[in-house]
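Notes for the one structure printed next.
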Amino acid sequence: MAFLGFTTRLTPFNWIKKNSIVKSQRRSLSLLFGLLLFITLGSGEVRAQSKEYQLKAAFLFNFAQFVQWPATSFTDGSAPFCIGILGDDPFGGALEETIQGETINNRRLKVQHAQNFEDLQDCQLIFISRSQEGHLAEIFSKLDSKPILTVSEIDRFAQSGGDINFYLQGGKVRFEINPSSARRVGLKISSQLLNLGKIIESAKEGN
């Protein structure tokens, strides 16, 4: 895949997912990742929504590259990196397309869908959809201390104890990060990712 090589599969986001992270590539990927923050969704409700979830799919792929999971997160050295979607899927296939043929630390990626958290416990990253908004307390209780990165777009998700939350600002996709929540379950978020997000605290910690 050529640098900035747009394709008909997922124009113009394929370039942001082009390489697995190694130390010599990390700075370049960080810059490319940051460019996602400048993409405007555009006009037209349907078009803007489609573009929004293409962007969020690309962000999810990149979040996975800038977070370190403990070895115990995987059953063995060949286990895939699993991105789970809990509840209704808003991506419309964009996430599967984004990760197609990609690896992270030599692990292939897969997407798993479920309506119950119990079916996603082997995932390393879980996107919690808006359809689960009324069940957050139950979900957080079941997560307990499992080393799973939680991402959502539910209002005040990160303040409630989630790790990363998407929000829109000026027609662009932005995200909040709760680093203390991630640290509690043994996840290490790269400083490069922390520099791109808005850092917040859990509500009980900010009081």
Side-chain angles (χ1 to χ4, degrees), residues 20-21 56-91 95-96 98-99 102-167 175-194 196-207:
S20 296
I21 291 290
K56 288 179 178 178
F59 272 121
L60 288 181
F61 175 78
N62 281 272
F63 291 158
Q65 299 187 79
F66 286 89
V67 176
Q68 183 179 341
W69 278 260
T72 54
S73 299
F74 302 92
T75 54
D76 57 56
S78 62
F81 186 100
C82 178
I83 299 176
I85 300 178
L86 181 59
D88 297 343
D89 180 4
F91 295 97
L95 184 55
E96 283 85 351
T98 297
I99 69 166
E102 299 293 345
T103 61
I104 293 178
N105 294 328
N106 297 317
R107 296 182 186 274
R108 67 180 180 86
L109 286 94
K110 73 172 185 178
V111 176
Q112 187 171 337
H113 303 79
Q115 293 295 322
N116 300 304
F117 169 76
E118 289 81 0
D119 297 324
L120 298 176
Q121 292 192 64
D122 291 333
C123 290
Q124 286 69 49
L125 186 159
I126 295 179
F127 177 84
I128 301 172
S129 75
R130 293 184 188 275
S131 66
Q132 301 297 305
E133 184 170 3
H135 305 287
L136 283 184
E138 179 185 356
I139 293 169
F140 287 141
S141 175
K142 291 179 178 179
L143 279 165
D144 191 25
S145 59
K146 293 179 177 65
I148 298 174
L149 185 75
T150 56
V151 183
S152 188
E153 55 187 0
I154 296 171
D155 186 43
R156 295 187 61 79
F157 175 77
Q159 288 92 335
S160 300
D163 299 321
I164 300 178
N165 192 38
F166 290 119
Y167 65 98
F175 57 91
E176 303 170 324
I177 304 176
N178 185 334
S180 60
S181 175
R183 283 195 300 269
R184 280 197 298 271
V185 296
L187 302 179
K188 297 180 180 179
I189 299 179
S190 164
S191 60
Q192 293 164 304
L193 178 55
L194 293 174
L196 293 173
K198 177 182 178 181
I199 306 301
I200 57 91
E201 296 179 328
S202 297
K204 62 181 179 181
E205 294 173 343
N207 293 333

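For the numbers below, each heavy atom of this structure counts, side chains included, while hydrogens, waters and symmetry mates do not.
Side chain of Ser129 to main chain of Leu86: a donor-acceptor pair is present (N/O by atom type, distance under 3.5 Å, no hydrogens or angles). Side chain of Arg184 to main chain of Ser145: no donor-acceptor pair is present (N/O by atom type, distance under 3.5 Å, no hydrogens or angles). Of the possible donor and acceptor atoms, one in the side chain of Gln124 sits under 3.5 Å from a partner among the backbone N and O of Asp122. No donor-acceptor pair closer than 3.5 Å links the side chain of Arg183 to the backbone N or O of Lys188. No donor-acceptor pair under 3.5 Å is formed between the side chain of Glu176 and the backbone N or O of Phe166. Proximity of a side-chain donor or acceptor of Thr150 to a complementary backbone N or O of Asp163 within less than 3.5 Å is detected.
Atom-to-atom distance recorded for Leu143:CG and Ile128:CD1 is 6.0 Å, nearest 0.5 angstrom. With rounding to the nearest 0.5 Å, the separation of CG in Leu60 from CD in Gln65 is 12.0 Å. Here Phe157 contributes atom CZ and Gln132 contributes atom CD; the two are 11.0 Å apart, rounded to the nearest 0.5 Å. The structure places CD of Gln121 at 12.0 Å from SG of Cys82, a figure rounded to the nearest 0.5 Å. Rounding to the nearest 0.5 Å gives a distance of 12.0 Å between CG of Leu120 and NZ of Lys146. Remark: Lys142 NZ to Ile148 CD1 distance equals 12.5 Å, nearest 0.5 Å.
Aromatic ring pairs are classed by plane angle as parallel below 30°, tilted from 30° to 60° and perpendicular above 60°; the pair Phe127 and Phe91 is perpendicular.
Side-chain contact between Pro179 and Leu194: present, with at least one pair of heavy atoms (C-beta onward) separated by less than 4.5 Å. Counting only heavy atoms from C-beta outward, the side chains of Leu125 and Val151 approach each other to under 4.5 Å. At least one side-chain heavy atom of Pro90 sits under 4.5 Å from a side-chain heavy atom of Glu153. Looking only at side-chain heavy atoms (C-beta outward), Leu136 and Ile154 come within less than 4.5 Å of each other. In this structure, Asp88 and Gln115 have side chains that are in contact, with non-hydrogen atoms separated by less than 4.5 Å. You'll find the side chain of Ser78 stays beyond 4.5 Å of the side chain of Asn106, heavy atoms only. Considering only heavy atoms from C-beta on, Leu149 comes within 4.5 Å of Ile164 through its side chain.
When all heavy atoms are compared, the tightest approach of Gly87 to Ser131 is CA-OG, 3.5 Å. Here the closest heavy-atom approach between residue Ile189 and residue Ala182 is recorded as CD1-CB, 3.7 Å. Across every non-hydrogen atom of Gly161 and Ser181, the tightest pair is O-OG, 2.7 Å. Minimum heavy-atom separation, Ile200 to Gln159: CD1-N, 3.7 Å.
Within 6.0 Å of CG in Asp155 there are 12 or fewer heavy atoms belonging to other residues, nucleotides or ligands. A 6.0 Å sphere centred on CG of Asp89 holds more than 12 heavy atoms belonging to other residues, nucleotides or ligands.
Taking the six-membered ring wherever Trp is involved, the centroid distance between the rings of Phe61 and Phe81 does not fall below 6.0 Å. Residues Phe175 and Phe63 place their aromatic rings such that the two centres sit under 6.0 Å apart. Annotation: Trp69 is not in aromatic contact with Phe74 [ring centroid separation under 6.0 Å not met].
If you check the side chains of Ser180 and Asn178, you find a donor sitting under 3.5 Å from an acceptor. Residues Asn165 and Ser152 bring no donor and acceptor atom of their side chains to less than 3.5 Å of each other.
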